[in-house]
Amino acid sequence: MASEQPRGERAERTVTLSRAEAVAHALRSHISAGTLAPGDRLVEAELTQEHGVSRNTLREAFRLLSQEGLVTHIPNRGALVATPSITSIIDLYRVRRMIECQAIRGSLPKHPAITAMRRAVTMAVKGRDENDWTRVGTANIAFHAAIIELADSPRLRQLFDNYTAELRLAFGLIDDPEYLHAPFIDQNLAIVELIEAGKTAEAADLLDDYLVRAERILLAAYERLSETSPSGNPSSGS
């Protein structure tokens with residue numbers, strides 16, 4: 001029988017994982033907020049100092065994020081924020097249509113999440129008026145998080161939290177965030193109004209059409225990046 005790992009080593013490993021998960025959470029939050037974009041280099045010397053961890057702990061955090069498709073490693077360049085692939089974008093939007101549209105169809109009248117949806121639309125409109133498109137993107141994510149809340153499912157909430165960072169990275173493929181977000185602000189408002197009026201099936205159909213359109217915009221952006229990238233792969237960056 002193989003000997004068990006010494007208790008001290010297990011404890012040390014547990015502490016390393018805990019710290020790595022904390023760093024991974026912080027980096028994931030930066031990605032979700034849009035402060036880290038696809039292709040951004042993750043400089044180990046800066047991040048170890050910022051988070052007060054060792055290089056091994058930081059690399060463990062990178063490993064955790066790479067499993068989520070958020071970080072990639074390129075030889076001679078180190079760790080980079082990942083650029084979504086065509087496959088990941090298609091899969092992400094397929095999951096979104098399945099979950100979010102059903103959440104709306106099954107929603108109950110007067111659900112508190114409806115208020116959160118309207119609040120997110122108000123935030124987006126204010127961002128548009130102030131030409132703050134990063135804020136509009138954040139409001140858009142908050143809007144869709146509220147849709148998930150309509151389902152009253154902790155599991156679905158966790159799933160949305162997991163793909164929020166991927167969603168923000170997909171947004172990062174668009175050089176012009178106004179082009180990406182502006183068409184959907186009024187549609188978000190229309191969806192809220194339909195739900196408030198009890199027309200959940202119509203609201204779900206509108207969301208389905210709009211997610212298909214958003215997916216097409218992102219896939220077109222990916223194709224443009226592929227054409228301009230020397231390697232034909234946007235993730236290789238410059």
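Given the structure is predicted, the values throughout are model-derived calculations rather than measurements.
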Spell out, yes or no, whether [X] and [Y] are grouped together once hydrophobic residues are joined by side-chain heavy atoms under 4.5 Å, including indirect joins.
| X | Y | result |
| --- | --- | --- |
| Leu27 | Ile141 | no |
| Val43 | Leu36 | no |
| Phe143 | Leu159 | yes |
| Ile90 | Leu207 | yes |
| Tyr163 | Ile104 | yes |

### Query
With a 6.0 Å cut-off on ring centres, are His144 and Tyr210 close enough?
yes
### Query
Is the number of heavy atoms from other residues, nucleotides or ligands under 6.0 Å of Gln49 CD greater than 12?
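No - once you tally the heavy atoms of other residues, nucleotides and ligands closer than 6.0 Å, there are 12 at most.
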### Query
Is the number of heavy atoms from other residues, nucleotides or ligands under 6.0 Å of Arg157 CZ greater than 12?
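For Arg157, atom CZ is crowded (more than 12 foreign heavy atoms under 6.0 Å).
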Can you find a heavy atom in the side chain of [X] that is under 4.5 Å from one in the side chain of [Y]?
| X | Y | answer |
| --- | --- | --- |
| Pro177 | Val136 | no |
| Ile217 | Phe184 | yes |
| Leu218 | Leu180 | yes |
| Ile191 | Met117 | yes |
| Leu150 | Ile114 | yes |

### Step-by-step side chain to side chain contact (heavy atoms under 4.5 Å, CB included) determination, Asp152 to His111
CA-CA 10 Å; Asp152 289 320; His111 194 289; 3.0 Å; yes
### Arg97/Val212 under side chain to side chain contact (heavy atoms under 4.5 Å, CB included): CA gap, chis, key distance, verdict
CA-CA 8 Å; Arg97 288 193 297 272; Val212 169; 3.9 Å; yes
Nearest heavy atoms of [X] and [Y], plus distance in Å:
| X | Y | answer |
| --- | --- | --- |
| Asp40 | Thr35 | OD2-O, 4.3 Å |
| Gly137 | Phe171 | O-CE1, 4.3 Å |
| Ala113 | Ala146 | CB-O, 3.3 Å |
| Val81 | Ala37 | CB-O, 3.2 Å |
| Ala79 | His73 | N-CD2, 4.0 Å |
| Pro84 | Leu173 | CD-CD2, 4.2 Å |

### Query
Are Arg168 and Thr138 close enough that a side-chain donor and a side-chain acceptor fall under 3.5 Å?
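The criterion, which ignores hydrogens and geometry beyond distance, is satisfied for Thr138 and Arg168.
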Within this structure, what is the [atom1]-[atom2] distance for the pair [X] and [Y], rounded to the nearest 0.5 Å?
| X | Y | atom1 | atom2 | result |
| --- | --- | --- | --- | --- |
| Ser32 | Leu70 | OG | CG | 8.0 Å |
| Glu60 | Ser18 | CD | OG | 11.5 Å |
| Asn140 | Leu167 | CG | CG | 7.0 Å |
| Leu92 | Ile89 | CG | CD1 | 8.0 Å |
| Asp161 | Leu156 | CG | CG | 11.0 Å |
| Arg28 | Glu166 | CZ | CD | 10.5 Å |

### Query
Thr83 side chain to Pro38 main-chain N or O, any donor-acceptor pair under 3.5 Å?
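Answer holds: no.
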### Message
One pair to check against side chain to side chain contact (heavy atoms under 4.5 Å, CB included): Thr57 and Thr48. What are the steps and the verdict?
### Response
CA-CA 9 Å; Thr57 298; Thr48 53; over 6 Å; no
Salt bridge check, [Y] against [X]: does any charged N sit closer than 4.0 Å to a carboxylate O?
| X | Y | result |
| --- | --- | --- |
| Glu196 | Arg118 | yes |
| Asp205 | Arg105 | yes |
| Asp186 | Arg128 | yes |
| Asp129 | Lys126 | no |

### Task
Give the C-alpha distance, both sets of side-chain angles, the deciding distance and a yes or no for side chain to side chain contact (heavy atoms under 4.5 Å, CB included) between His25 and Glu21.
CA-CA 6 Å; His25 175 75; Glu21 288 167 355; over 6 Å; no
### Query
Is Arg59 close enough and on-axis enough to Phe62, meaning under 6.0 Å and within 45°, for cation-pi?
no
### Query
Between Glu215 and Arg96, is a salt bridge (charged side-chain N to carboxylate O under 4.0 Å, His left out) present by the stated rule, with each step listed?
CA-CA 10 Å; Glu215 180 185 1; Arg96 293 189 68 191; over 6 Å; no
